[in-house]
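Beneath this line is the structure, given in structure tokens, with notes to follow.
Residue numbers run from 1 in the order of the sequence given.
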Amino acid sequence: MTKVIDTGVAYEEVVDGELQKFEEIGKTIEGILQSYRSQPDKGKGPGHVYEVKTKAGVAAFFAPSLLHKKLSGIQIGSIVKIVYTEMTKTANGNTLKHFAVQHAPATEANLKAVGIEMFKTVTDDEAEAEKAFNAN
């Protein structure tokens, strides 16, 4: 068992678990587009895995084809808002998930608007403590 020691630092926990799924209309993921990786083709075409840093942590998800086409043109590091808007069926019965995707540059004001703090103001005391620590 791992013991966590409270040092007063606001750490962000890296959580293992399932990928986010777009199952309910209206599901929204908003934050910084952090990464993209392609998964090998296992019979249904290649998989496209994206990660978005949100105010609640990192949301990883497989992007269906229509979503991947929209996200593939957005620069990593941009702020994105992805909303699952509807599901339709093709003439041959396949389901298509549709998404509204918006993006913006990751300015300090935009990050604050989505609840993500990238830049922290450091007090003089904190700066001195860090200097002393780094000097040793």
Quick one: CD on Glu51 to OG on Ser35, what's the gap to the nearest 0.5 Å?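 Result: 3.5 Å between the selected atoms.
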
Inter-residue atom distance Lys53.NZ - Ile116.CD1, 0.5 Å rounding: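 One gets 6.5 Å once the value is rounded to the nearest 0.5 Å.
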
Should the ring pair Phe22 and Tyr84 be called parallel, tilted or perpendicular, given that the plane angle runs from 0 to 90° and is split at 30 and 60?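 Phe22 vs Tyr84 ring planes: perpendicular.
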
So, for [X] and [Y], which heavy atoms are closest and what is the spacing to 0.1 Å?
| X | Y | value |
| --- | --- | --- |
| Ile82 | Phe61 | CD1-CZ, 3.7 Å |
| Met87 | Ile25 | N-CD1, 3.9 Å |
| Val114 | Ile79 | CG1-CG2, 4.2 Å |
| Gln20 | Ala59 | CG-CB, 3.8 Å |
| Ala104 | Asn110 | CB-ND2, 3.9 Å |
| Phe99 | Thr85 | N-OG1, 3.8 Å |

Looking at His68 versus Phe62, is the centre-to-centre ring distance below 6.0 Å?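 Ring-ring flag for His68/Phe62: false, centres at least 6.0 Å apart.
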
With heavy-atom distances below 4.5 Å as the criterion, would you say the side chains of [X] and [Y] are in contact?
| X | Y | value |
| --- | --- | --- |
| Val49 | Gln39 | yes |
| Arg37 | His48 | no |
| Val101 | Val83 | no |

Tell me, with the steps shown, if Tyr50 and Leu33 meet side-chain contact (heavy atoms from CB on, under 4.5 Å). CA-CA 8 Å; Tyr50 287 87; Leu33 183 59; 3.8 Å; yes

Might you confirm whether atom NZ of Lys81 has over 12 heavy atoms from other residues, nucleotides or ligands at distances under 6.0 Å?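 Open.
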
Gln34 and side chain to side chain contact (heavy atoms under 4.5 Å, CB included): which single residue from Val52, Val58, Val80, Thr54 fits?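 Result: among Val52, Val58, Val80, Thr54, Val58 is the only option passing the side chain to side chain contact (heavy atoms under 4.5 Å, CB included) with Gln34.
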
Quiz question: by atom type and distance under 3.5 Å, do the side chains of His98 and Thr88 form a donor-acceptor pair?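 Their side chains do contain a donor-acceptor pair, which is all the 3.5 Å distance test asks for.
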
